[in-house]
Amino acid sequence: MSTLLIKNATVIVTMDDARRELKDTSLYAIDGVISALGPAASLPAWADRIIDAHDHVAVPGFVNTHHHLVQNLTRAVPAAQDAPLFGWLKALYPIWANLTPDHVYSAVALGLAELALSGCTTSSDHLYLFPNGSRLDDEIRAARDVGVRFTATRGSMSIGESKGGLPPDRITESEPSILRDCERLIDTYHDASRHAMLNIALAPCSPFSVSRELMRDTAILARQKGVRLHTHLAENVEDIAYSLEKFGVRPGQYAEDLGWVGHDVWHAHCVQLDASEIELFGRTGTGIAHCPCSNMRLASGIAPIGAMLRAHVPIGLGVDGSASNDSGHMLNEVRQTMLLQRVKGDAGAMSARTALELATRGGARVLGRSDIGHLAPGMSADVCLYNLNTIDFAGADWDPVAALVFCGPAKSTYTVINGRVVVDNGRLTTMDLPKLVTEHRRLTRQLMTTA
(Lines give C-alpha, C1' and ligand atoms only; values in the text may rest on other atoms or scores of the structure.)
Protein backbone atom coordinates (compact mmCIF):
# COMPACT_ATOMS: atom_id res chain seq x y z
CA MET A 1 0.00 0.00 0.00
CA SER A 2 1.31 3.46 -0.96
CA THR A 3 0.07 6.64 0.69
CA LEU A 4 0.27 10.36 -0.12
CA LEU A 5 -0.51 13.39 2.02
CA ILE A 6 -0.83 16.85 0.47
CA LYS A 7 -0.78 18.97 3.59
CA ASN A 8 -2.19 22.42 4.39
CA ALA A 9 -2.90 23.73 0.89
CA THR A 10 -3.85 27.40 0.85
CA VAL A 11 -6.88 26.35 -1.18
CA ILE A 12 -7.98 23.12 -2.84
CA VAL A 13 -10.19 23.70 -5.87
CA THR A 14 -12.21 20.51 -5.75
CA MET A 15 -14.41 21.01 -8.84
CA ASP A 16 -16.76 18.60 -7.05
CA ASP A 17 -20.53 18.70 -7.57
CA ALA A 18 -20.79 21.71 -5.22
CA ARG A 19 -17.69 23.35 -6.80
CA ARG A 20 -16.21 23.78 -3.31
CA GLU A 21 -12.96 25.66 -2.75
CA LEU A 22 -11.51 24.47 0.55
CA LYS A 23 -9.09 26.72 2.41
CA ASP A 24 -6.24 25.41 4.57
CA THR A 25 -7.14 21.86 3.58
CA SER A 26 -5.23 18.62 3.17
CA LEU A 27 -5.72 15.61 0.90
CA TYR A 28 -4.92 11.97 1.66
CA ALA A 29 -4.63 9.23 -0.97
CA ILE A 30 -4.12 5.48 -0.75
CA ASP A 31 -2.85 3.50 -3.75
CA GLY A 32 -3.57 6.33 -6.16
CA VAL A 33 -7.14 7.00 -4.98
CA ILE A 34 -8.28 9.93 -2.81
CA SER A 35 -9.53 8.70 0.56
CA ALA A 36 -10.17 11.99 2.39
CA LEU A 37 -10.11 15.80 2.20
CA GLY A 38 -10.15 17.97 5.30
CA PRO A 39 -8.14 19.80 7.95
CA ALA A 40 -4.72 18.28 8.56
CA ALA A 41 -5.71 17.33 12.11
CA SER A 42 -8.51 15.11 10.77
CA LEU A 43 -6.25 13.08 8.45
CA PRO A 44 -3.42 10.64 9.12
CA ALA A 45 -0.23 12.50 10.04
CA TRP A 46 2.05 10.02 8.28
CA ALA A 47 2.32 8.96 4.63
CA ASP A 48 4.92 7.48 2.31
CA ARG A 49 5.12 10.92 0.72
CA ILE A 50 4.14 14.21 2.31
CA ILE A 51 3.94 17.42 0.27
CA ASP A 52 3.88 20.67 2.22
CA ALA A 53 1.30 22.64 0.22
CA HIS A 54 1.44 25.85 2.27
CA ASP A 55 1.26 28.81 -0.16
CA HIS A 56 0.00 26.50 -2.92
CA VAL A 57 -3.25 26.23 -4.84
CA ALA A 58 -4.24 22.63 -5.63
CA VAL A 59 -6.51 21.86 -8.56
CA PRO A 60 -7.61 18.65 -10.27
CA GLY A 61 -5.06 17.59 -12.85
CA PHE A 62 -5.80 19.09 -16.25
CA VAL A 63 -7.26 16.87 -18.95
CA ASN A 64 -5.96 17.49 -22.49
CA THR A 65 -8.60 16.30 -24.94
CA HIS A 66 -6.77 16.82 -28.26
CA HIS A 67 -3.15 16.68 -29.30
CA HIS A 68 -0.78 15.53 -32.04
CA LEU A 69 2.29 14.95 -29.91
CA VAL A 70 4.55 13.90 -32.77
CA GLN A 71 4.24 17.38 -34.26
CA ASN A 72 6.59 18.88 -31.67
CA LEU A 73 9.39 17.77 -34.02
CA THR A 74 8.16 20.36 -36.53
CA ARG A 75 7.58 23.52 -34.53
CA ALA A 76 7.94 26.84 -36.36
CA VAL A 77 8.66 25.28 -39.78
CA PRO A 78 9.08 28.33 -42.05
CA ALA A 79 6.76 27.15 -44.84
CA ALA A 80 3.97 26.53 -42.31
CA GLN A 81 4.30 29.64 -40.14
CA ASP A 82 1.74 31.82 -41.91
CA ALA A 83 -0.56 29.33 -43.61
CA PRO A 84 -4.16 28.38 -42.79
CA LEU A 85 -5.07 24.76 -42.09
CA PHE A 86 -4.92 23.21 -45.57
CA GLY A 87 -1.75 25.04 -46.63
CA TRP A 88 -0.18 24.28 -43.25
CA LEU A 89 -0.90 20.57 -43.70
CA LYS A 90 0.45 20.49 -47.24
CA ALA A 91 3.71 22.07 -46.04
CA LEU A 92 4.13 19.50 -43.26
CA TYR A 93 2.87 16.25 -44.78
CA PRO A 94 6.13 15.66 -46.75
CA ILE A 95 8.20 16.13 -43.57
CA TRP A 96 5.98 13.85 -41.50
CA ALA A 97 6.38 11.16 -44.18
CA ASN A 98 9.95 10.70 -42.88
CA LEU A 99 8.96 9.89 -39.29
CA THR A 100 10.24 6.66 -37.76
CA PRO A 101 9.37 4.79 -34.54
CA ASP A 102 12.25 6.61 -32.81
CA HIS A 103 10.77 9.97 -33.79
CA VAL A 104 7.36 8.97 -32.46
CA TYR A 105 8.67 7.74 -29.12
CA SER A 106 10.90 10.77 -28.54
CA ALA A 107 8.25 13.32 -29.55
CA VAL A 108 5.54 11.73 -27.42
CA ALA A 109 7.79 11.39 -24.37
CA LEU A 110 8.92 15.02 -24.63
CA GLY A 111 5.40 16.28 -25.33
CA LEU A 112 3.89 14.46 -22.36
CA ALA A 113 6.70 15.69 -20.13
CA GLU A 114 5.91 19.25 -21.27
CA LEU A 115 2.24 18.72 -20.45
CA ALA A 116 2.98 17.25 -17.02
CA LEU A 117 5.17 20.23 -16.20
CA SER A 118 2.20 22.50 -16.89
CA GLY A 119 -0.16 20.52 -14.65
CA CYS A 120 -1.68 18.08 -17.12
CA THR A 121 -2.32 14.61 -15.69
CA THR A 122 -4.40 13.04 -18.48
CA SER A 123 -3.84 13.51 -22.19
CA SER A 124 -5.32 12.12 -25.34
CA ASP A 125 -3.33 11.99 -28.54
CA HIS A 126 -4.39 11.70 -32.17
CA LEU A 127 -1.72 9.90 -34.20
CA TYR A 128 -3.00 9.47 -37.75
CA LEU A 129 0.00 8.65 -39.92
CA PHE A 130 2.31 5.68 -39.55
CA PRO A 131 5.26 5.88 -41.95
CA ASN A 132 8.37 3.71 -41.91
CA GLY A 133 7.08 1.12 -39.45
CA SER A 134 5.73 3.59 -36.87
CA ARG A 135 2.89 2.28 -34.71
CA LEU A 136 0.60 3.55 -31.98
CA ASP A 137 2.49 1.16 -29.71
CA ASP A 138 5.49 3.54 -29.88
CA GLU A 139 3.60 6.36 -28.20
CA ILE A 140 1.92 4.04 -25.71
CA ARG A 141 5.39 2.98 -24.56
CA ALA A 142 6.39 6.65 -24.16
CA ALA A 143 3.25 7.47 -22.16
CA ARG A 144 3.98 4.62 -19.76
CA ASP A 145 7.55 5.81 -19.31
CA VAL A 146 6.50 9.39 -18.51
CA GLY A 147 3.63 8.26 -16.28
CA VAL A 148 0.80 10.38 -17.71
CA ARG A 149 -2.74 8.96 -17.84
CA PHE A 150 -3.33 8.44 -21.55
CA THR A 151 -6.03 8.04 -24.19
CA ALA A 152 -4.24 6.87 -27.33
CA THR A 153 -6.41 7.33 -30.41
CA ARG A 154 -5.68 5.23 -33.47
CA GLY A 155 -5.96 7.77 -36.27
CA SER A 156 -5.95 7.03 -39.97
CA MET A 157 -5.83 8.53 -43.45
CA SER A 158 -7.02 6.52 -46.45
CA ILE A 159 -7.94 9.05 -49.15
CA GLY A 160 -4.91 10.63 -50.77
CA GLU A 161 -4.53 13.28 -53.44
CA SER A 162 -5.23 10.86 -56.31
CA LYS A 163 -8.70 10.20 -54.84
CA GLY A 164 -9.51 13.82 -54.06
CA GLY A 165 -8.15 13.92 -50.52
CA LEU A 166 -5.63 16.30 -49.05
CA PRO A 167 -2.66 14.10 -47.96
CA PRO A 168 -0.09 12.62 -50.36
CA ASP A 169 -0.93 9.04 -51.33
CA ARG A 170 2.29 7.69 -49.80
CA ILE A 171 1.19 8.44 -46.23
CA THR A 172 -2.24 6.86 -46.51
CA GLU A 173 -3.21 3.28 -45.59
CA SER A 174 -5.68 0.74 -46.90
CA GLU A 175 -8.94 0.71 -45.02
CA PRO A 176 -8.96 -3.04 -44.25
CA SER A 177 -5.49 -2.77 -42.67
CA ILE A 178 -6.59 0.27 -40.63
CA LEU A 179 -9.56 -1.59 -39.19
CA ARG A 180 -7.45 -4.68 -38.42
CA ASP A 181 -4.94 -2.59 -36.50
CA CYS A 182 -7.72 -0.77 -34.64
CA GLU A 183 -9.04 -4.10 -33.42
CA ARG A 184 -5.56 -5.29 -32.47
CA LEU A 185 -4.87 -2.19 -30.39
CA ILE A 186 -8.17 -2.36 -28.52
CA ASP A 187 -7.70 -6.03 -27.73
CA THR A 188 -4.08 -5.49 -26.65
CA TYR A 189 -4.21 -2.26 -24.67
CA HIS A 190 -7.64 -0.86 -23.83
CA ASP A 191 -8.36 -0.83 -20.09
CA ALA A 192 -11.99 -0.11 -19.26
CA SER A 193 -11.51 -0.31 -15.49
CA ARG A 194 -11.89 2.63 -13.10
CA HIS A 195 -8.62 4.55 -12.59
CA ALA A 196 -7.18 3.02 -15.79
CA MET A 197 -3.94 4.58 -17.01
CA LEU A 198 -4.54 3.69 -20.68
CA ASN A 199 -7.58 3.87 -22.95
CA ILE A 200 -7.77 3.33 -26.70
CA ALA A 201 -10.10 5.31 -28.96
CA LEU A 202 -10.59 5.20 -32.74
CA ALA A 203 -9.97 8.36 -34.72
CA PRO A 204 -10.10 8.61 -38.54
CA CYS A 205 -8.30 11.88 -39.20
CA SER A 206 -10.87 14.06 -40.92
CA PRO A 207 -13.56 14.20 -43.62
CA PHE A 208 -10.91 15.31 -46.13
CA SER A 209 -8.58 12.34 -45.58
CA VAL A 210 -10.82 9.25 -45.12
CA SER A 211 -13.83 7.81 -46.88
CA ARG A 212 -17.41 7.86 -45.65
CA GLU A 213 -17.21 4.08 -45.53
CA LEU A 214 -14.24 4.12 -43.15
CA MET A 215 -16.01 6.61 -40.90
CA ARG A 216 -19.08 4.38 -40.78
CA ASP A 217 -17.15 1.14 -40.28
CA THR A 218 -14.97 2.67 -37.57
CA ALA A 219 -18.05 3.78 -35.64
CA ILE A 220 -19.50 0.29 -35.87
CA LEU A 221 -16.25 -1.30 -34.65
CA ALA A 222 -15.86 1.17 -31.78
CA ARG A 223 -19.35 0.45 -30.50
CA GLN A 224 -18.86 -3.28 -30.80
CA LYS A 225 -15.69 -2.94 -28.69
CA GLY A 226 -16.96 -0.29 -26.27
CA VAL A 227 -14.42 2.43 -27.05
CA ARG A 228 -14.79 6.10 -27.94
CA LEU A 229 -14.63 7.91 -31.28
CA HIS A 230 -12.68 11.04 -32.18
CA THR A 231 -11.98 13.12 -35.30
CA HIS A 232 -11.56 16.69 -36.56
CA LEU A 233 -14.70 18.54 -37.62
CA ALA A 234 -15.68 22.00 -38.87
CA GLU A 235 -12.24 23.42 -38.08
CA ASN A 236 -12.31 26.34 -40.53
CA VAL A 237 -14.13 27.68 -43.59
CA GLU A 238 -12.08 25.44 -45.91
CA ASP A 239 -13.36 22.46 -43.95
CA ILE A 240 -16.96 23.59 -44.45
CA ALA A 241 -16.42 24.19 -48.17
CA TYR A 242 -14.88 20.74 -48.63
CA SER A 243 -17.81 19.07 -46.88
CA LEU A 244 -20.37 20.91 -48.99
CA GLU A 245 -18.50 20.20 -52.24
CA LYS A 246 -17.67 16.52 -51.63
CA PHE A 247 -20.64 15.37 -49.54
CA GLY A 248 -23.37 17.93 -50.21
CA VAL A 249 -23.96 18.52 -46.50
CA ARG A 250 -22.48 20.52 -43.65
CA PRO A 251 -20.15 18.73 -41.20
CA GLY A 252 -22.84 18.22 -38.56
CA GLN A 253 -25.11 16.37 -40.98
CA TYR A 254 -22.12 14.39 -42.27
CA ALA A 255 -21.32 13.27 -38.72
CA GLU A 256 -24.92 12.39 -37.88
CA ASP A 257 -25.39 10.40 -41.11
CA LEU A 258 -22.37 8.21 -40.32
CA GLY A 259 -23.07 7.55 -36.65
CA TRP A 260 -20.60 10.10 -35.35
CA VAL A 261 -22.77 11.80 -32.73
CA GLY A 262 -23.47 10.62 -29.19
CA HIS A 263 -22.01 10.44 -25.68
CA ASP A 264 -19.13 8.26 -26.93
CA VAL A 265 -17.93 10.77 -29.56
CA TRP A 266 -15.83 13.91 -29.34
CA HIS A 267 -14.76 16.16 -32.21
CA ALA A 268 -11.78 18.52 -32.29
CA HIS A 269 -12.21 22.25 -32.96
CA CYS A 270 -15.79 22.68 -34.29
CA VAL A 271 -15.02 26.36 -34.77
CA GLN A 272 -17.50 26.74 -37.63
CA LEU A 273 -20.51 24.84 -36.33
CA ASP A 274 -23.78 26.68 -36.96
CA ALA A 275 -26.72 26.97 -34.55
CA SER A 276 -28.42 23.79 -35.77
CA GLU A 277 -25.20 21.79 -35.40
CA ILE A 278 -24.64 23.13 -31.90
CA GLU A 279 -28.18 22.07 -31.00
CA LEU A 280 -27.47 18.59 -32.45
CA PHE A 281 -24.33 18.21 -30.36
CA GLY A 282 -26.08 19.38 -27.21
CA ARG A 283 -29.08 17.11 -27.75
CA THR A 284 -26.93 14.03 -28.42
CA GLY A 285 -24.20 14.73 -25.83
CA THR A 286 -21.51 14.88 -28.52
CA GLY A 287 -18.29 16.34 -27.11
CA ILE A 288 -15.93 19.00 -28.39
CA ALA A 289 -12.21 19.53 -27.81
CA HIS A 290 -11.74 23.31 -27.87
CA CYS A 291 -8.22 24.36 -28.94
CA PRO A 292 -8.06 28.17 -28.75
CA CYS A 293 -4.33 28.70 -29.36
CA SER A 294 -4.27 26.48 -32.44
CA ASN A 295 -7.46 28.07 -33.77
CA MET A 296 -5.83 31.51 -33.48
CA ARG A 297 -2.50 30.29 -34.91
CA LEU A 298 -4.17 28.89 -38.05
CA ALA A 299 -6.70 31.76 -38.36
CA SER A 300 -9.56 29.26 -38.07
CA GLY A 301 -11.79 31.61 -36.09
CA ILE A 302 -13.32 31.79 -32.62
CA ALA A 303 -15.38 28.81 -31.54
CA PRO A 304 -18.75 29.92 -30.06
CA ILE A 305 -18.08 28.32 -26.69
CA GLY A 306 -20.70 30.38 -24.88
CA ALA A 307 -23.47 29.22 -27.22
CA MET A 308 -22.22 25.65 -26.95
CA LEU A 309 -22.29 25.71 -23.15
CA ARG A 310 -25.80 27.16 -23.16
CA ALA A 311 -26.82 24.25 -25.43
CA HIS A 312 -25.27 21.79 -22.91
CA VAL A 313 -22.55 20.60 -25.30
CA PRO A 314 -19.78 18.73 -23.41
CA ILE A 315 -16.57 20.74 -23.84
CA GLY A 316 -12.98 20.04 -22.88
CA LEU A 317 -9.78 21.82 -23.78
CA GLY A 318 -6.92 20.69 -26.00
CA VAL A 319 -3.51 22.11 -26.79
CA ASP A 320 -3.66 20.56 -30.28
CA GLY A 321 -0.50 19.78 -32.21
CA SER A 322 2.75 21.39 -31.16
CA ALA A 323 3.23 22.48 -34.76
CA SER A 324 0.03 24.53 -34.70
CA ASN A 325 0.20 26.01 -31.22
CA ASP A 326 3.31 25.70 -30.81
CA SER A 327 3.23 24.84 -27.13
CA GLY A 328 1.97 22.15 -24.78
CA HIS A 329 1.05 24.28 -21.77
CA MET A 330 -2.41 23.45 -20.45
CA LEU A 331 -2.70 26.41 -18.09
CA ASN A 332 -1.93 28.70 -21.02
CA GLU A 333 -4.78 27.04 -22.92
CA VAL A 334 -7.10 27.73 -19.98
CA ARG A 335 -6.09 31.39 -19.99
CA GLN A 336 -6.57 31.77 -23.74
CA THR A 337 -9.97 30.07 -23.53
CA MET A 338 -11.14 32.77 -21.14
CA LEU A 339 -9.58 35.66 -23.04
CA LEU A 340 -10.72 34.60 -26.49
CA GLN A 341 -14.36 34.48 -25.43
CA ARG A 342 -14.03 38.09 -24.26
CA VAL A 343 -12.34 39.48 -27.34
CA LYS A 344 -15.57 40.42 -29.16
CA GLY A 345 -16.44 42.94 -26.47
CA ASP A 346 -18.06 41.13 -23.54
CA ALA A 347 -15.74 41.19 -20.52
CA GLY A 348 -18.05 38.78 -18.71
CA ALA A 349 -18.30 36.23 -21.52
CA MET A 350 -16.26 33.68 -19.59
CA SER A 351 -14.95 33.62 -16.04
CA ALA A 352 -11.65 32.20 -14.82
CA ARG A 353 -13.46 29.45 -12.92
CA THR A 354 -15.50 28.40 -15.95
CA ALA A 355 -12.29 28.08 -17.98
CA LEU A 356 -10.73 25.97 -15.20
CA GLU A 357 -13.80 23.76 -15.14
CA LEU A 358 -13.54 23.09 -18.88
CA ALA A 359 -9.95 21.95 -18.40
CA THR A 360 -10.84 19.57 -15.54
CA ARG A 361 -14.43 18.32 -15.22
CA GLY A 362 -15.14 19.23 -18.83
CA GLY A 363 -12.22 17.27 -20.19
CA ALA A 364 -13.06 14.26 -18.03
CA ARG A 365 -16.61 14.23 -19.39
CA VAL A 366 -15.43 14.53 -22.98
CA LEU A 367 -13.09 11.55 -22.54
CA GLY A 368 -15.81 9.54 -20.81
CA ARG A 369 -14.01 9.41 -17.46
CA SER A 370 -15.97 9.50 -14.19
CA ASP A 371 -12.85 8.91 -12.08
CA ILE A 372 -10.89 12.07 -12.90
CA GLY A 373 -11.61 15.79 -13.28
CA HIS A 374 -12.53 16.64 -9.69
CA LEU A 375 -11.16 15.97 -6.23
CA ALA A 376 -13.26 13.90 -3.84
CA PRO A 377 -13.01 10.59 -1.97
CA GLY A 378 -13.02 7.72 -4.47
CA MET A 379 -11.57 9.82 -7.30
CA SER A 380 -8.16 9.25 -8.83
CA ALA A 381 -5.39 11.13 -7.04
CA ASP A 382 -4.58 13.38 -10.00
CA VAL A 383 -3.64 16.78 -8.60
CA CYS A 384 -1.48 19.72 -9.66
CA LEU A 385 -0.19 22.38 -7.28
CA TYR A 386 0.99 25.90 -8.04
CA ASN A 387 3.23 27.92 -5.75
CA LEU A 388 1.69 31.31 -4.96
CA ASN A 389 4.94 32.62 -3.51
CA THR A 390 6.46 33.40 -6.92
CA ILE A 391 6.73 36.40 -9.20
CA ASP A 392 3.97 34.98 -11.42
CA PHE A 393 1.36 35.48 -8.69
CA ALA A 394 2.78 38.46 -6.82
CA GLY A 395 -0.07 40.80 -5.86
CA ALA A 396 -2.77 38.20 -6.57
CA ASP A 397 -3.65 37.14 -3.03
CA TRP A 398 -7.07 38.73 -3.50
CA ASP A 399 -8.22 35.59 -5.36
CA PRO A 400 -5.59 32.86 -5.72
CA VAL A 401 -7.91 30.63 -7.76
CA ALA A 402 -8.66 33.23 -10.41
CA ALA A 403 -4.98 34.19 -10.36
CA LEU A 404 -4.12 30.81 -11.90
CA VAL A 405 -5.93 31.94 -15.05
CA PHE A 406 -5.45 35.71 -15.08
CA CYS A 407 -1.73 35.59 -14.24
CA GLY A 408 1.18 33.55 -15.58
CA PRO A 409 0.83 31.09 -17.13
CA ALA A 410 2.97 29.33 -14.56
CA LYS A 411 4.44 25.84 -14.44
CA SER A 412 3.16 23.32 -11.93
CA THR A 413 5.26 22.92 -8.80
CA TYR A 414 3.92 19.41 -8.18
CA THR A 415 2.02 17.19 -10.59
CA VAL A 416 0.59 14.04 -9.02
CA ILE A 417 -0.79 11.31 -11.30
CA ASN A 418 -2.50 8.26 -9.84
CA GLY A 419 -0.90 9.15 -6.50
CA ARG A 420 2.61 9.27 -8.00
CA VAL A 421 4.59 12.53 -7.91
CA VAL A 422 5.58 12.91 -11.56
CA VAL A 423 6.67 16.55 -11.19
CA ASP A 424 8.40 17.22 -7.88
CA ASN A 425 9.24 20.84 -7.04
CA GLY A 426 9.21 21.68 -10.74
CA ARG A 427 11.35 18.73 -11.81
CA LEU A 428 10.25 15.75 -13.89
CA THR A 429 10.91 12.60 -11.86
CA THR A 430 10.13 9.81 -14.31
CA MET A 431 12.62 10.50 -17.11
CA ASP A 432 15.96 12.25 -17.64
CA LEU A 433 14.62 15.46 -19.19
CA PRO A 434 17.97 16.93 -20.41
CA LYS A 435 18.77 13.62 -22.12
CA LEU A 436 15.29 13.53 -23.65
CA VAL A 437 15.65 17.08 -25.00
CA THR A 438 19.08 16.30 -26.48
CA GLU A 439 17.79 13.21 -28.29
CA HIS A 440 14.68 15.07 -29.46
CA ARG A 441 16.83 17.83 -30.92
CA ARG A 442 19.00 15.29 -32.75
CA LEU A 443 15.92 13.73 -34.32
CA THR A 444 14.53 17.15 -35.26
CA ARG A 445 17.74 18.00 -37.07
CA GLN A 446 17.63 14.64 -38.81
CA LEU A 447 14.17 15.53 -40.13
CA MET A 448 15.42 18.95 -41.21
CA THR A 449 18.31 17.39 -43.13
CA THR A 450 16.02 14.90 -44.85
CA ALA A 451 13.49 17.62 -45.74
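Count residues from 1 along the sequence. Treat the numbers as computed from the prediction; the structure is a model and nothing was measured.
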Trp96 and Tyr93 aromatic ring geometry - parallel, tilted or perpendicular at 30°/60° bounds: perpendicular

Sort and list the pairs that fulfil salt bridge (charged side-chain N to carboxylate O under 4.0 Å, His left out) and have at least one residue in residues 83-107, not counting sequence neighbours. Lys90-Glu161

Provide the full list of salt bridge (charged side-chain N to carboxylate O under 4.0 Å, His left out) pairs with a residue in residues 59-77, sequence neighbours left out, each pair given once. Arg75-Glu114

Ring-plane angle category for Trp260 and His267, please: parallel below 30°, perpendicular beyond 60°, tilted otherwise. tilted

What's the spacing between Leu358 CG and Gln341 CD if we round to 0.5 Å? 9.0 Å

Please identify each residue that fulfils ring-ring contact (aromatic ring centres under 6.0 Å, His included) with Phe208, with sequence neighbours left out. Phe86

The criterion is ring-ring contact (aromatic ring centres under 6.0 Å, His included); which residues satisfy it with His290, sequence neighbours excluded? none

Could you go through the side chain to side chain contact (heavy atoms under 4.5 Å, CB included) check for Arg297 and Asp320 one step at a time? CA-CA 11 Å; Arg297 159 79 153 78; Asp320 200 13; over 6 Å; no

Could I get the full list of side-chain hydrogen bond (donor to acceptor under 3.5 Å, both in side chains) partners for Asp145, not counting sequence neighbours? Tyr105

Atom CZ of Arg441 with >12 non-hydrogen neighbours under 6.0 angstrom: no

With Glu21 via salt bridge (charged side-chain N to carboxylate O under 4.0 Å, His left out) - residues at least two apart: Arg353

What class does the angle between the rings of His68 and His126 fall in, given that below 30° is parallel, 30 to 60° is tilted and above 60° is perpendicular? tilted

